[in-house]
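Worksheet: one structure, shown below.
Residues take their numbers from the sequence shown, with the count starting at 1. Just so you know, ligand 1 is whichever comes first in the structure, and atom 1 is the first atom listed for that ligand.
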Amino acid sequence: MATGGETTTTIKTTAQETDALRGIERIGAHSHIRGLGLDDALDAKNVSQGMVGQEDARKACGVILSMIKSGTIAGRGVLLAGQPGTGKTALAMGIAKSLLDSDYGVNGEGAGGSRKASLRGQDKSSNNINAESNEETPFAMMAGSEIFSTEISKTEALRQAFRKAIGVRIREETEIIEGEVVEIEIDRPTAGNVAPKVGKLTLKTTDMETVYDLGTKMIESINKEKVTSGDVITIDKSTGRVQKLGRSFARSRDYDATGPTTKFVSCPEGELQKRQEIVHTVTLHEIDVINSHTQGFMALFSGDTGEIRDEVREQIDEKVAEWREEGKAEIIPGVLFIDEVHMLDVECFSFLNRALENDLSPVLVVATNRGITKIRGTNYRSPHGIPIDLLDRLLIIQTKPYTEKEMKLIVNIRCEEEDVNMSEDAKDLLTKIGSETSLRYAIQLISASSLVANKRKSAKVETDDVSKAYNLFIDVKRSTKFMMEYSSQYVYNEANETDMET
Ligand SMILES: Nc1ncnc2c1ncn2[C@@H]1O[C@H](COP(=O)(O)OP(=O)(O)OP(=O)(O)O)[C@@H](O)[C@H]1O
Ligand SMILES: [Mg+2]
């Protein structure tokens, strides 16, 4: 079923396996960020999509985002630079979310599921390969330090990260059967009978009706999709995958258990068997792993992909180039975000220099909070700890510290996100704490003080709870002060010997 089926080397690109890799969301540090919060003119609204303030940087990110969305620009680099806690990672998450949501919209109501749908080729309107659908733009994220923690070489880790950020949109033609279910008959084996389950499925279109024999596997798929008579379904002939399109209009009356989410569709016309063009997007890395004989696609789930041999990559690049020429595939340069980029060393930086010039390069977004400091692996100092020749290739976006007002808004959003009911006074206190210590510390105190409030069986967090949490958990400044005072009682104390960073 692979697209390259006719030729000698077959490159597998099955998208289904990789679906499970896309994450489940929990309340994390950035889960309140749902986009960049820009309007159509790319102007930042003060508070939108979970984003507060930082207007210039947001606007700049919006410009980058539209570059990425146009899909034609590759190999550009962007550096997000600013003090700790000024929202660099948050901005990158904003870019990622805007790419995942199908509508670039301002309201943040974009359907997150649409990406999945088009990945599986369910979205019929995206069948046109040139359709303006950018939901599949890949976004790969890594922290600079990750390159040191894997079993593979540093450059291999980077190479894999780059290829995770390049999408290949492939179109394939498959044979499908599409029709309205008239009847499903499954023979239930009597107890003790080990014979495989068999059954019959009657499907119709407006013009014809056919009975199909069902084997055990098909019965399983049909049960899994909870297909009942009156549903309009498609069956992929090559994979046997069953998919429910909705309920037939003709049955809309005699079925009163329909929920508000039930979708009604009309009974298909014409023949039951059709050719359908499906479009799916996979990343080059996924293709690499699936075709790497030593690993197998299961490695995608464990993340333990090991080194991928260069021959495999070369073969795949050649094949993809061939498909592009034949019009079967299209390259979608995505985004590679490397957070804490100062953790990379000279070798990696020089790899990046070169990799950015490849025409199969994604847009590179890096972030750092370092000032002028040593480039890792050398004794040279450079702004942001990044060599000048790489810096020269990057557009630099600066993030600035937040005002107290903005901080309050962020605290507010975080309270909502963490489902914490907090009095205005407590929020004010938290904001004050935030501006004197750090935004992060203030955000951390939200859940801590909510637990304190819980202990006294109050649903609302008051100032007392916040100050209790403030005393329970000290911030960096107080911790440092404490250590200075009691320096002689700590082991390995060097406070008087070297300069401290704080
Ligand atoms: N403009 C913003 N709107 C809403 N939330 C924000 C904004 N900026 C930062 N935050 C939130 O504040 C916290 C700290 O910000 P973030 O982690 O993005 O800082 P950072 O610049 O990456 O810092 P570091 O340099 O230490 O990595 C996060 O929880 C983030 O989601
Ligand atoms: Mg960060």
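Residue, atom and distance of the protein heavy atom nearest to atom 8 (N) of ligand 1 are Tyr402 OH, 2.5 Å. The nearest heavy-atom contact from the protein to atom 9 (C) of ligand 1 is Gly87 CA, 3.4 Å. Among protein heavy atoms, the minimum distance from atom 22 (O) of ligand 1 is reached at Thr89 OG1, 2.7 Å. Shortest contact from atom 25 (O) of ligand 1 to any protein heavy atom: Lys88 NZ, 2.7 Å. When only non-hydrogen protein atoms are considered, atom 13 (C) of ligand 1 lies nearest to Ile443 CD1, 3.9 Å. The closest protein non-hydrogen atom to atom 26 (O) of ligand 1 is Arg440 NH1, 3.0 Å. For atom 30 (C) of ligand 1, the nearest protein heavy atom (residue, atom name, distance) is His30 ND1, 3.5 Å. Shortest contact from atom 4 (C) of ligand 1 to any protein heavy atom: Gly50 O, 3.1 Å.
Looking at Met93 against ligand 1, nothing comes within 4.0 Å, counting heavy atoms. Counting heavy atoms closer than 4.0 Å to ligand 1, residue Glu406 contributes nothing at all.
Of the polar atoms of Arg414, none of the N or O atoms is found under 3.5 Å from an N or O of ligand 1, judged by distance alone.
Between Arg163 and Asp317 a salt bridge is recorded (basic side-chain N to carboxylate O distance below 4.0 Å). Between Glu436 and Lys477 there is no salt bridge, since none of the side-chain N atoms of the basic residue sits less than 4.0 Å from a carboxylate O of the acidic one. Salt bridge absent: Lys408 and Glu404 never bring a charged side-chain N and a carboxylate O closer than 4.0 Å. A salt bridge is absent between Glu330 and Arg324; no separation between the charged side-chain nitrogens and carboxylate oxygens falls under 4.0 Å. Salt-bridge annotation for Glu55 and Lys59: absent, with no side-chain N of the basic residue lying under 4.0 Å from a carboxylate O of the acidic one. Comment: Lys468 does not engage Asp465 in a salt bridge, judged by the lack of any side-chain N to carboxylate O separation of less than 4.0 angstrom. Taking 4.0 Å as the cut-off between side-chain N and carboxylate O, Glu156 and Arg313 count as a salt-bridged pair.
Heavy-atom proximity to Glu340, at under 4.0 Å, picks out these atoms of ligand 1: 27 (O). Close approach of ligand 1 to Asn369 is summarised as follows: ligand atoms under 4.0 Å from at least one heavy atom of the residue are 24 (P), 25 (O), 26 (O).
Considering each of Ile413, Val52, Val411, Leu439, the one bringing a non-hydrogen atom nearest atom 12 (O) of ligand 1 is Leu439. For atom 18 (O) of ligand 1, the choice among Pro84, Ala90, Ala81, Ala29 with the nearest heavy atom turns out to be Ala90. The heavy atom nearest to atom 5 (N) of ligand 1, considering only Met51, His32, Met407, is found in His32.
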Before you tell me yes or no, could you show the steps for Ser423 and Glu462 under side chain to side chain donor-acceptor pair (under 3.5 Å), namely the whole-Å CA-CA distance, both residues' side-chain angles and the distance that decides it to 0.1 Å?
CA-CA 6 Å; Ser423 73; Glu462 302 290 346; 3.3 Å; yes
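With a 6.0 Å radius and a threshold of 12 heavy atoms from other residues, nucleotides or ligands, Lys244 has its NZ atom above the threshold.
For the 3.5 Å distance criterion, the side chains of Asn369 and Lys88 fail to qualify, holding no donor opposite an acceptor. Side-chain polar atoms of Arg376 and His342 form no donor-acceptor pair below 3.5 angstrom.
Using a non-hydrogen distance threshold of 4.0 Å, Gly85 registers as a contact of ligand 1. For Thr399, the heavy-atom gap to ligand 1 stays at 4.0 angstrom or more.
Not one N/O/S atom of Asn369, from backbone or side chain, sits under 2.8 Å from the Mg ion (ligand 2).
Scanning all heavy atoms of the two residues, the minimum distance from Ser467 to Leu429 falls at N-CD2, 4.3 Å.
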